[in-house]
Amino acid sequence: MRRIVFLTIATLALAGCSTETPTTPALSDLVLDAAGTSTTFTVLGGYEAAVYNDRLANALPDSLKLSAEQQASIKALITAFEAATRADREALGAILRQARTAGRGPAAGILANGAPIIARLAAAELKLKADIDAILTAEQRAWLASHAPRNCRPDQFPALTDAQKAQIANLERAFVETNKADLDAVKAAFESARGKSADEARAILDGVAPARARLEAARRQLHTAITAVLTPQQKESGCLPLG
């Protein structure tokens, strides 16, 4: 069970130290052996809570887009999660920084001191994921389950660096800005089609077929661009971006 807990949260721990000098290979191996490198969201191709939030907003197809209410609720959950876990994440980051300067032998004992923090963070992440799922519709959950990376080996996925997180966030933001006209048109069409007969709804949605095709292509390009941000080792793990 202890191994499972470590595997669940260690990427979050490593991410908290991403601005520090990289570890030596020997100490890196020790950290991997002791803690693994995945979080709940890495397994889902979202890597961490904030990245998962953006992927939910931009990866879901037009027919399953998050409503404004869903987006606001999920954002509130993630903001609360980040605030509630900040002290533990900072404390765990300090432990790992100490381990990095201690050498291979002493580092094992130092890392073991983080076990209670890791357990709390693991529980908090699992609860956050469950709370997000409760906001989603059954159809949205089914789509996400069918599009999560199938061959992800999370113990082989190094944590995203701060630079990678910024790059991915910028790509997600650029997708929204570049495709705003099509996103707005398709959203309006789906809202207009609600409550209409099947034929009427089909006619409305056919009217934005070109916009939907452009958005589908744009989402594929975004997925490719996010994948390109990953290192060879991250890609080899099979934990590719959601969607």
Side-chain angles (χ1 to χ4, degrees), residues 6-25 27-32 34-59 74-75 77-102 107 110-111 114 117-118 120-122 124-125 128-129 149 152 154-177 222-237 239-243:
F6 276 134
L7 284 174
T8 303
I9 202 65
T11 290
L12 187 61
L14 294 174
C17 302
S18 60
T19 58
E20 298 295 319
T21 304
T23 60
T24 64
L27 184 52
S28 176
D29 290 343
L30 177 62
V31 172
L32 289 176
T37 56
S38 78
T39 70
T40 297
F41 297 104
T42 299
V43 175
L44 300 170
Y47 309 131
E48 61 174 29
V51 177
Y52 187 63
N53 180 50
D54 287 339
R55 287 283 67 214
L56 284 179
N58 294 328
I74 291 170
K75 179 63 175 176
L77 285 175
I78 291 174
T79 298
F81 164 83
E82 291 177 339
T85 60
R86 183 172 293 113
D88 272 346
R89 286 184 285 117
E90 291 176 352
L92 191 55
I95 288 172
L96 290 188
R97 286 192 293 274
Q98 182 183 2
R100 285 174 171 173
T101 62
I110 294 171
L111 290 171
I117 301 174
I118 290 171
R120 289 195 298 271
L121 289 172
E125 267 207 350
L128 174 60
K129 174 58 171 54
C152 174
D155 59 319
Q156 298 179 29
F157 186 91
L160 294 176
T161 65
D162 289 341
Q164 286 178 307
K165 296 175 195 175
Q167 284 179 279
I168 292 173
N170 287 337
L171 287 169
E172 300 279 9
R173 193 177 303 112
F175 168 84
V176 174
E177 294 172 354
L222 176 57
H223 184 278
T224 299
I226 294 173
T227 302
V229 171
L230 304 181
T231 66
Q233 186 178 355
Q234 288 167 333
K235 294 175 187 176
E236 289 169 6
S237 74
C239 303
L240 299 178
L242 171 65

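Just so we're clear, the structure is a prediction, and the values are computed from it rather than from any experiment.
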For this session: List for me each residue that meets side chain to side chain donor-acceptor pair (under 3.5 Å) alongside R86, sequence neighbours excluded, and say none if there are none.
Result: none

Exercise. Got V176 and N58 here, is their nearest side-chain heavy-atom distance under 4.5 Å?
Worked result: yes

Exercise. Mind checking what makes side chain to side chain contact (heavy atoms under 4.5 Å, CB included) contact with A50, not counting sequence neighbours?
Worked result: E48, E82

For this session: Sequence neighbours left out, what passes side chain to side chain donor-acceptor pair (under 3.5 Å) with D88? Give chain and number order.
Result: R120

Exercise. Could you go step by step and tell me if L171 and V229 meet the side chain to side chain contact (heavy atoms under 4.5 Å, CB included) rule?
Worked result: CA-CA 10 Å; L171 287 169; V229 171; 3.9 Å; yes

Seminar exercise, completed: Correct closest heavy-atom pair for V43 and C152 would be CA-SG, 4.2 Å

For this session: Over all heavy atoms of both residues, which pair between C239 and Y47 is shortest? Give the atoms and the distance, please.
Result: O-OH, 2.8 Å

Seminar exercise, completed: Across all chains, not counting sequence neighbours, the side chain to side chain contact (heavy atoms under 4.5 Å, CB included) partners of A49 are F41, I78, F81, L128

Exercise. Are more than 12 heavy atoms from other residues, nucleotides or ligands located less than 6.0 Å from atom NZ of K75?
Worked result: no

Problem set entry | Inter-residue atom distance T85.OG1 - E125.CD, 0.5 Å rounding | 8.5 Å

For this session: For the residue pair L230 and L160, establish whether any side-chain heavy-atom pair is separated by less than 4.5 Å.
Result: yes

For this session: Using modelled atom types only, decide if a donor and an acceptor are shared between the side chain of R55 and the backbone of L242 within a distance under 3.5 Å.
Result: yes

For this session: Taking side chain to side chain contact (heavy atoms under 4.5 Å, CB included) as the test, write out the residues that go with T231, two or more places apart.
Result: Q164, Q233, Q234

Exercise. Looking only at heavy atoms, what is the nearest atom pair of I226 and P241, with distance?
Worked result: CG2-CG, 3.4 Å

